[in-house]
Amino acid sequence: KKDGFASFMEKEINDQPDAVAQTLLGRNDGNGNLTLDELRVDPEVLKTINKIIVLACGTSAYAGQVAKYAIEHWCRIPTEVELSHEFRYRDPIVDEKTLIVSISQSGETMDTLMAVRYAREQGAKTVSICNTNGSTIPRESDAVLYTHAGPEIAVASTKAFLAQITATYLLGLYLAQLRGNLFQGQIKDILAELAKTPAKIATVIANAGQIKDLAHSMAETRTVLFLGRHVGYPVAMEGALKLKELAYIHAEGFAAGELKHGPIALIEEGQAVIVVVPSPRGRDSLHAKVVSNIQEVRARGAKTIVIAEEGDESVREFAEHVFYIPETSTLLAPLLATVPLQIFALELATAKGYDVDQPRNLAKSVTVE
Ligand code: M6R
């Protein structure tokens with residue numbers, strides 16, 4: 001069942017090109033028209049929604065955070081992301097013009113199920129993004145958009161995460177198409193770019209030798225910080241979560257801009273900092289800002305490990321280690337940038353001799369509140 005891999009997690013990381021390709025399959029006609037037939041919410045209703053709330057936990061919530069950047073950019077619909085277990089207890093503002101998008105690999109996470117039930121009672125329309133056919137959350141939602149990542153066995157989520165991000169892109173593009181926020185040509189271009197990501201993910205996996213060696217050399221590390229900005233921020237948090245779950249190492253993901261507001265006090269000689277750098281071809285001064293954050297931590301003695309886009313030479317002089325990922329647009333980059341972080345956590349945990357498929361204290365689906 002592990003197809004010759006040492007663990008389910010390793011297999012599932014290697015399944016990722018296929019997981020993304022399967023999630024994209026059959027959902028556009030090649031001309032920039034999205035066909036989300038399963039999404040049985042009346043298109044007229046979707047045109048009237050004025051707010052999206054994404055509900056999820058753990059890794060699925062980080063997929064939701066990536067979705068926020070994409071959906072707000074493409075659809076101009078205000079989008080909030082909330083941990084399911086926080087949502088219900090704060091008297092949230094939800095009505096029939098709210099679209100709830102729940103994200104759950106298992107479809108059985110009790111916190112998310114209860115949040116979806118609550119939102120539905122308040123009159124919201126609910127769409128579930130889910131990897132498990134026929135599970136409870138999709139059954140209790142108005143509509144479902146299945147991710148087709150295949151069964152995920154390892155407790156730590158990997159391929160489901162990339163498939164969830166892919167599904168939220170499709171949902172965002174569908175809403176943009178329906179509401180006329182993007183031209184058909186723009187949607188077609190983004191879909192064409194998305195169609196190239198499975199091969200690029202395969203390239204990242206094939207070139208992971210260096211990151212594996214680095215992970216093995218860091219088995220004694222006690223704490224790792226992850227920095228990212230824009231969509232790199234949820235990627236950083238996901239990288240930190242993987243390391244906590246698998247290697248039992250203290251890890252924190254920060255928004256890079258937040259460094260000077262506190263976390264930079266943690267930096268001392270030898271502190272490992274992994275930085276997710278946005279594309280230098282992206283908008284605004286995002287790239288320059290992150291590069292200056294690398295300089296700031298480096299100047300204080302940090303061991304800097306950088307994930308950057310192929311050809312980005314500007315990071316070399318401040319990075320002890322650079323791992324390059326193929327070029328893509330800023331919004332789609334999480335599909336690539338996450339992969340080296342998953343491999344890093346897997347290899348570090350392996351170096352420490354831990355069971356990467358069944359980390360201590362964790363269950364694959366959390367069916368209690
Ligand atoms: O099945 P779900 O996507 O609803 O699960 C949510 C979280 O419990 C899950 O992502 C958890 O954080 C994983 N262990 C992450 O690797």
Side-chain angles (χ1 to χ4, degrees), residues 7-13 15-16 19 23 54-67 81-88 100-117 119 126-141 144-168 226 234-249 251-253 334 338-339 341-346 348-349 354-369:
S7 62
F8 281 108
M9 188 185 174
E10 188 184 0
K11 173 188 180 293
E12 287 160 8
I13 288 174
D15 283 346
Q16 292 184 115
T23 301
V54 182
L55 297 175
C57 304
T59 289
S60 299
Y62 297 141
Q65 295 212 11
V66 173
V81 187
E82 185 143 17
L83 295 168
S84 313
H85 37 86
E86 286 294 318
F87 172 74
R88 232 159 30 110
I100 297 289
V101 177
S102 69
I103 307 180
S104 175
Q105 188 288 129
S106 61
E108 300 295 346
T109 298
M110 188 56 77
D111 289 317
T112 302
L113 174 63
M114 297 310 281
V116 168
R117 275 189 191 157
T126 54
V127 173
S128 149
I129 291 180
C130 184
N131 196 46
T132 311
N133 281 22
S135 54
T136 311
I137 297 171
R139 276 196 278 115
E140 293 209 13
S141 301
V144 53
L145 192 55
Y146 279 113
T147 46
H148 297 296
E152 194 179 62
I153 311 291
V155 166
S157 186
T158 54
K159 64 176 178 175
F161 179 62
L162 295 202
Q164 286 165 343
I165 294 175
T166 305
T168 65
F226 291 74
V235 170
M237 290 193 289
E238 170 61 5
L241 180 62
K242 287 285 95 79
L243 204 57
K244 290 176 207 174
E245 288 188 288
L246 296 164
Y248 318 143
I249 289 178
E252 292 298 330
T338 305
V339 179
L341 306 185
Q342 297 167 336
I343 295 172
F344 180 74
L346 168 75
L348 219 157
Y354 296 148
D355 179 347
V356 293
D357 287 337
Q358 293 284 346
R360 68 185 182 201
N361 307 340
L362 295 175
K364 182 64 184 161
S365 40
V366 183
T367 51
V368 289
E369 267 190 285

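As the structure is a prediction and not an experimental result, all values here were calculated from the model. When reading the values below, keep in mind they use all heavy atoms of this one structure, side chains included, and skip hydrogens, waters and symmetry mates. Indexing begins at 1, ligand by ligand and atom by atom, following the structure's order.
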Exercise. Can you list the steps and then say if E108 with S135 is a side chain to side chain donor-acceptor pair (under 3.5 Å)?
Worked result: CA-CA 6 Å; E108 300 295 346; S135 54; 4.6 Å; no

For this session: Measure the distances from the heavy atoms of S365 to every atom of ligand 1 and state whether one is below 4.0 angstrom.
Result: no

For this session: May I ask you to say whether K159 pairs ionically with E152, meaning some side-chain N is under 4.0 Å from a carboxylate O?
Result: no

For this session: Look at atom 15 (C) of ligand 1 and say which protein heavy atom is nearest, naming residue and atom and giving the distance to 0.1 Å.
Result: T59 OG1, 3.0 Å

Seminar exercise, completed: Quick look: E245 vs ligand 1, heavy-atom contacts under 4.0 Å, and the answer is side chain

Problem set entry | Proximal ligand 1 atoms for K242, defined as those under 4.0 Å from one of its heavy atoms | 15 (C), 16 (O)

Problem set entry | Side chain to side chain, K364 and S106, heavy atoms closer than 4.5 Å | no

Problem set entry | Within-4.5 Å side-chain heavy-atom neighbours: I343 and I13 | yes

For this session: Would you kindly say whether T158 and Q16 are connected by a side-chain donor-acceptor distance under 3.5 Å?
Result: no

Problem set entry | Element-labelled atoms of ligand 1 that are located less than 4.0 Å from some non-hydrogen atom of T109 | 1 (O), 2 (P), 4 (O), 5 (O)

Exercise. Please state which protein non-hydrogen atom is closest to atom 1 (O) of ligand 1 and give its distance, to 0.1 Å?
Worked result: S106 OG, 2.7 Å

For this session: Decide whether the shortest distance between a heavy atom of V155 and an atom of ligand 1 is less than 4.0 Å.
Result: yes

Problem set entry | For atom 7 (C) of ligand 1, the protein heavy atom that lies nearest, with its residue and separation | C57 O, 3.6 Å

Exercise. For ligand 1, which atoms have a heavy atom of S104 less than 4.0 angstrom away?
Worked result: 1 (O), 2 (P), 3 (O), 4 (O)

Problem set entry | Ring geometry between F344 and F226 (parallel below 30°, tilted from 30 to 60°, perpendicular above 60°) | perpendicular

Problem set entry | Protein heavy atom at shortest distance from atom 8 (O) of ligand 1 | V366 CG2, 4.2 Å

For this session: Flag the pair V339 / L162 as yes when at least one side-chain heavy-atom distance between them is below 4.5 Å, and no otherwise.
Result: yes

Exercise. Does an N or O anywhere in S60 fall below 3.5 Å from an N or O of ligand 1?
Worked result: yes

Problem set entry | Q105 neighbourhood, listing ligand 1 atoms whose heavy-atom distance to it stays under 4.0 Å | 1 (O), 2 (P), 3 (O), 4 (O)

Exercise. How many angstroms lie between CD in Q342 and CG in L243, if you round to the nearest 0.5 Å?
Worked result: 12.5 Å

